[in-house]
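Below you'll find the structure, written out as structure tokens, and then a few comments.
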Amino acid sequence: MNTLIAPSVLAADFANLQRDIEMINNSQADWFHIDIMDGVFVPNISFGMPVLEAITRHAKKTIDVHLMIVDPNRYIKTFADLGANNLTVHYEACPHLHRTLQAIKAEGMKAGVAINPHTNIDLLEDIINDIDLVCIMSVNPGFGGQSFIENTYTKIKKLKDLITRKNASTLIEIDGGVSDKNALQLKEAGADVLVAGNFVFRSENPTQTIVDLKTLLQ
Ligand code: DX5
Ligand code: ZN
């Protein structure tokens, strides 16, 4: 499978959101990555349902929603109704993860699990076959523009081994500090989807930056 690129809308210019959404629509990017933060699970608040509704009205690619919120069960149906295709919850925020994943799938979405940098891959052993996507956080969640944590490569390899051993079809997504400096190494370690926020949106020509990332990953 080609490595997918998911620009993180958190790094877009919110005063020109439609322009930035159209840029992704017309680019070689594969998914829209949407970060929802509640100021409780993470020390920051991003945006909520009205903004997501505005995004999905224009976005023409897979909507990959990353919930950094406590008790995400409260909003599963809401996010499905808003047009999310993938709904990712945090391992650390879900005491009944198996039930949460089934509820996400029952709403017709792909079920994702994000893990913080300190969370061990071994904890996914008994749930991996129920997960469509594991999002390995390569920064501490809450903010864009942070530096990439190098231990991520080891975690990717360990997760890839687990997926193979359990004969699962789970995708591996990497989120935080992704750039042209680490993209190829992440792919080689086993990543399927790379989220990129600041690297794309703070570049001079975001469309070309996405082309360059895709070329690098071929
Ligand atoms: C961090 C978010 C990331 C962030 C990535 O909490 O989950 O998706 O937007 O941004 P960069 O690529 O700038 O690290
Ligand atoms: Zn994210």
Side-chain angles (χ1 to χ4, degrees), residues 3-14 17 20-21 23-24 27 29-48 51-52 55 59 61-70 72 75 79 84-94 109-119 131-152 155-156 171-187 191-204 206 209-210 212-214 216-217:
T3 313
L4 305 182
I5 299 294
S8 174
V9 175
L10 185 67
D13 177 355
F14 292 163
L17 199 46
D20 285 358
I21 291 166
M23 183 280 292
I24 299 176
S27 77
D30 300 278
W31 292 358
F32 285 82
H33 183 82
I34 313 283
D35 291 307
I36 309 281
M37 306 176 182
D38 67 355
V40 179
F41 180 70
V42 289
N44 192 16
I45 299 175
S46 55
F47 51 79
V51 174
L52 178 59
I55 293 170
K61 297 178 177 182
T62 295
I63 307 286
D64 179 48
V65 175
H66 175 194
L67 296 183
M68 285 158 273
I69 66 173
V70 295
Y75 301 114
F79 283 106
N85 302 107
N86 308 336
L87 193 63
T88 295
V89 295
H90 262 266
Y91 178 89
E92 302 83 7
C94 294
M109 297 177 287
K110 299 277 187 204
V113 174
I115 56 170
N116 280 341
H118 73 275
T119 300
I131 309 177
D132 295 310
L133 173 120
V134 171
C135 176
I136 298 181
M137 292 309 301
S138 38
V139 298
N140 284 292
F143 304 92
Q146 303 181 81
S147 21
F148 178 83
I149 297 172
E150 296 289 324
N151 185 47
T152 305
K155 290 180 83 168
I156 299 173
L171 294 180
I172 302 177
E173 179 177 64
I174 309 305
D175 188 9
V178 170
S179 72
D180 58 352
K181 305 272 180 298
N182 51 26
L184 190 58
Q185 205 178 333
L186 290 168
K187 177 196 166 150
D192 302 295
V193 187
L194 302 181
V195 174
N198 277 259
F199 181 67
V200 167
F201 284 102
R202 297 285 174 274
S203 68
E204 215 159 282
T209 300
I210 295 167
D212 294 345
L213 269 181
K214 282 292 220 185
L216 184 82
L217 293 163

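For ligands, and for the atoms within them, numbers begin at 1 and follow the listed sequence. The structure displayed is predicted, hence computed values, not measured ones. Excluded from the calculations below are hydrogen atoms, water molecules and symmetry mates; all remaining heavy atoms, backbone and side chain alike, are included.
- The closest side-chain heavy-atom distance from Lys110 to Leu133 is not below 4.5 Å.
- Among protein heavy atoms, atom 1 (C) of ligand 1 sits closest to Phe143 O, 3.5 Å.
- At the top of the distance list for atom 12 (O) of ligand 1, counting protein heavy atoms only, stands Gly197 N, 2.8 Å.
- Closest of all the heavy-atom pairs between Val200 and Met23 is CG1-CE, 4.4 Å.
- Below 3.5 Å of separation, one finds no N or O of Asn140 facing any N or O of ligand 1.
- Closest N/O/S atom of Asp175 to the Zn ion (ligand 2): OD2.
- Contact annotation: His66 places an N, O or S atom under 2.8 Å from the Zn ion (ligand 2).
- Within Asp35, the N, O or S atom at minimum distance from the Zn ion (ligand 2) carries the name OD1.
- Applying the 4.0 Å criterion to heavy atoms of Leu10 picks out, from ligand 1, the atoms 9 (O).
- Looking only at heavy atoms of the protein, atom 11 (P) of ligand 1 is closest to Gly145 N, 3.7 Å.
- One N or O on the side chain of Asn44 and one on the backbone of Gly142 form a donor-acceptor pair closer than 3.5 Å.
- Residues Ile172 and Val134 have side chains not in contact (no heavy-atom distance under 4.5 Å, counting atoms from C-beta outward).
- Only side-chain heavy atoms of Asp35 come within less than 4.0 Å of ligand 1; its backbone N, CA, C and O stay farther off.
- Here is the list of ligand 1 atoms found below 4.0 Å of a heavy atom in Gly177: 11 (P), 12 (O), 14 (O).
- Tyr75 OH: 12 or fewer foreign heavy atoms inside a 6.0 Å radius.
- In this structure, the side chain of Asp38 engages the main chain of Val40 through a donor-acceptor pair within 3.5 Å.
- In terms of protein heavy-atom proximity, atom 3 (C) of ligand 1 is closest to Asp175 OD1, 2.9 Å.
- Nearest approach of Asp30 to Lys61, heavy atoms of both residues: O-CB, 3.5 Å.
- Heavy atoms of Ser8 found under 4.0 angstrom from ligand 1 belong exclusively to the side chain.
- Ranking protein heavy atoms by distance to atom 6 (O) of ligand 1, first place goes to Gly142 N, 2.8 Å.
- Here is the list of ligand 1 atoms found below 4.0 Å of a heavy atom in Pro141: 6 (O).
- When all heavy atoms of Ala191 and Ile174 are compared, the pair lying nearest together is CB-CG1, 3.7 Å.
- The protein non-hydrogen atom at the shortest distance from atom 10 (O) of ligand 1 is Gly144 CA, 3.7 Å.
- Within the listing of ligand 1, atoms 12 (O) sit less than 4.0 angstrom from a heavy atom of Ala196.
- Ligand 1 places these atoms under 4.0 Å from at least one heavy atom of Met137: 7 (O).
- Shown here for Ala183 and Leu216, the closest heavy-atom pair between the two residues is CB-CD2, 3.8 Å.
- Heavy atoms only, all atoms of each residue included: Ser8 and Gly197 are closest at CB-CA, 3.8 Å.
- For ligand 1, the atoms lying closer than 4.0 Å to a non-hydrogen atom of Gly176 are 14 (O).
- For ligand 1, the atoms lying closer than 4.0 Å to a non-hydrogen atom of His33 are 8 (O).
- Nearest N/O/S atom of His33 with respect to the Zn ion (ligand 2) is recorded as NE2.
- Side chains of Asp64 and His66: a donor-acceptor N/O pair is absent below 3.5 angstrom, by distance only.
- Of all the heavy atoms of Phe199, none lies under 4.0 Å from any atom of ligand 1, so neither backbone nor side chain is involved.
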Inset, instruction - Show your working on side-chain hydrogen bond (donor to acceptor under 3.5 Å, both in side chains) between Thr152 and Ser138 and close with a plain yes or no. - result: CA-CA 6 Å; Thr152 305; Ser138 38; 4.7 Å; no
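- Applying the 4.0 Å criterion to heavy atoms of Met68 picks out, from ligand 1, the atoms 6 (O), 7 (O).
- A pairwise comparison of heavy atoms in Gly177 and Asn182 identifies O-ND2, 3.0 Å as the closest pair.
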